[in-house]
Amino acid sequence: MEIAYIIPKLANKGPVIVVLELVKEMVKHQHQCIVYYFDQGTEVSFPCETQQIKFKDRIPFERYDIVHSHGLRPDLYISIHKPLKNRAVFITTLHNYVIQDFSYQYNKFIAYSIGNLWMLALYRHNKIVTLSKDALNYYKRWFPSSKLTVAYNTRQINQSISADSDDLKLISEFRKDSILIGINAAITARKGIDQVIKALPYLPQYKLLIIGEGKEKKVLEDLCTKLNVQKNVLFLGYRKDAYRYLPLYDIYAIPSRSEGFVLTLLEAAIYKKNIVCSNIPLFQEVVKENEASFFNLNDTNSLISAIKKATSNHFLGDNLYIKYMHNYSPECFYTKYISIYQQTISEINKV
């Protein structure tokens, strides 16, 4: 099968990492792949040909069986350039809840306007892949069920590489004999990191390590000062392949207010880490009570209880790893996507 993927940039972002995992599996199973991208970037290296294009350029769609776009610009590109007749099947994967997630970045008018423009562009695609059943139901307000499907993400990591030596020393001096909670995430309001900071005054034996950067960092630093927990929180900054630091954590926290699908959850699963996560619909769908410790959003007492449960229940990480192998392994990921590709081709050929 000949497959073209279109992404915004060769950047270390969740959707691009998902495409990397897709390409790895497709190439492994002898499919021919190419990745087209708009902006310069060298953070991610693909095991196939890559080609930079301009938005006005037209790629040779007729060469491919599948054209699979990821992101707003790639989806708009397909909407504008897709020919009326072509052998290629056009598929997109939506990695978030578009309008809901835009509302964390922009005002409601902009979020609604951009979101609905995006939805309008997707009508030219043959199939829309969502990352969860909950997301599929969310997108039913715009699209018929026949146009939608679900494919859970996967994640592969190199467990032979470790944290930077200077960081290891710094983290050791920071944590001392404390229980270390780790978060690897962009520092935005949507990630909900403030909730963990608000719990720290009631958890004196715990410390929090945050790896990532973002526009909310100063807000969180000020919150730490206000709550007098600045000595219990370490902002380490951005680190490439942040999963290298997972072995250092006693607990991994994912306090998100909204998510499409969190790759760091799968990374934590590979390391058999006990995780604490918010009880948003996505997490309730992909993990169960015996695989993670849940808390209610914006409920400090609930979060404190969840952290204590994750500390004392030593089987959560083992159960989460089993779930990863059964539901989110690379082979599961490949089987689902190749089925979507083949089924969509079959549907289009019948028309």
[X] side chain to [Y] side chain, donor-acceptor N/O pair below 3.5 angstrom:
| X | Y | answer |
| --- | --- | --- |
| D134 | Y97 | yes |
| Y337 | T154 | no |
| Y245 | D167 | yes |
| Y334 | H31 | yes |
| E285 | Y152 | yes |
| T344 | N126 | no |

Quick one: does any side-chain atom of R190 pair with a main-chain N or O of R257 as donor and acceptor, under 3.5 Å?
no
Hey, are [X] and [Y] close enough for a salt bridge, meaning a charged N less than 4.0 Å from a carboxylate O?
| X | Y | value |
| --- | --- | --- |
| E216 | K191 | no |
| K309 | E289 | yes |
| D222 | K218 | yes |

Pair H81 + F61: ring centers closer than 6.0 Å
no
Student check: side-chain heavy atoms of [X] and [Y] closer than 4.5 Å:
| X | Y | value |
| --- | --- | --- |
| Y206 | S178 | no |
| I161 | Y243 | yes |
| E267 | Y252 | no |
| R73 | I6 | no |
| L203 | K308 | yes |

Distance under 6.0 Å and angle within 45° of the ring axis: does R141 meet both against Y138?
yes
Both conditions, 6.0 Å and 45 degrees, for the charged tip of K273 above the ring of Y249: are they met here?
no
Single-linkage hydrophobic cluster V23~M1, side-chain heavy atoms < 4.5 angstrom:
yes
If hydrophobic clusters are built by linking Ile, Leu, Val, Met, Phe, Trp and Tyr wherever their side-chain heavy atoms come under 4.5 Å apart, do L265 and I181 end up in the same one?
no
Within 6.0 Å of [atom1] in [X], more than 12 heavy atoms from elsewhere:
| X | atom1 | answer |
| --- | --- | --- |
| Y123 | OH | yes |
| R63 | CZ | no |
| Y238 | OH | yes |

